[in-house]
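Remember, it's 1-based here, ligands and their atoms both numbered in the order they're listed. Heads up: numbering here begins at 1 and tracks the sequence.
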Amino acid sequence: MTDKKRRVGVYPGTFDPVTKGHLDIIRRGRGLFDELIVGVAESTSKTTLFSVKERLAMMRAELKGVKGVRVESFDTLLVDYVKSVGATTVLRGLRVISDFEYEFQMALTNRRIEPSVETVFMMTQDNYAPISSRFIKEIARFGGDISHFVTPKVVLRLKSRYSKTGSGKE
Ligand code: ADP
């Protein structure tokens with residue numbers, strides 16, 4: 001018998017809303033770990049369209065039945081959350097050069113705070129590179145077609161949100 005340690009990773013994000021780009025990172029990333037925990041950030045510096053409860057529910061609906069993946073929300077410092085769930089690694093996705101600077105700073109800062117936590121990056125698939133929650137919300141707000149970027153369940157959520165709040169047009 002080996003005493004191989006169970007590898008647990010955390011994929012943290014705002015997921016406002018979850019996109020096909022996020023799901024691709026989760027599907028490919030879960031193979032790297034015995035368990036991948038998707039951590040939905042409760043409070044973030046971004047203003048969110050969906051509450052943490054909604055973002056959590058959307059992510060759970062997408063990942064129902066996917067083995068080796070657990071979805072939780074968290075509201076502490078990321079490295080503290082990572083340690084509290086017995087994980088050692090943070091997984092993040094990279095799309096374009098402009099992601100790099102932010103991700104680089106975050107990874108270095110987290111390492112400074114907690115050297116035992118490592119950050120690993122996965123490159124997006126090229127067809128997912130232009131997908132960002134921010135642009136999807138912009139397109140959805142004006143009634144554009146977002147079905148290439150998010151799943152049908154998320155399309156419905158966005159449609160219902162914007163039909164309640166309107167497009168924001170004056
Ligand atoms: P955050 O607010 O923490 O950046 P996001 O929900 O915007 O949360 O993104 C979570 C992670 O997923 C980030 O590492 C981001 O770079 C990555 N990501 C977002 N969209 C894509 C995509 N289309 N392909 C690959 N990675 C992505």
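Residues Asp16 and Ser133 bring no donor and acceptor atom of their side chains to less than 3.5 Å of each other.
Within the structure, salt bridge (charged side-chain N to carboxylate O under 4.0 Å, His left out) contacts touching residues 44-68 (residues at least two apart or in different chains) are Glu54-Arg161. The side-chain hydrogen bond (donor to acceptor under 3.5 Å, both in side chains) pairs that include a residue from residues 21-30 are Thr19-His22, Asp24-Arg28, Asp24-Gln125, where partners are two or more places apart or lie in different chains. Under the salt bridge (charged side-chain N to carboxylate O under 4.0 Å, His left out) criterion, the residue pairs touching residues 89-114 are Lys83-Glu114, Arg92-Glu103, Arg95-Asp99, Arg111-Glu118, with sequence neighbours excluded.
Contacts of ligand 1 (protein heavy-atom distance under 4.0 Å) are Tyr11, Pro12, Gly13, Thr14, Phe15, Gly21, His22, Ile25, Lys46, Arg92, Gly93, Arg95, Asp99, Glu103, Thr124, Tyr128, Ile131.
Closest heavy-atom contact between Val82 and Thr89: CG1-N, 4.4 Å.
One N or O on the side chain of Arg7 and one on the backbone of Leu32 form a donor-acceptor pair closer than 3.5 Å.
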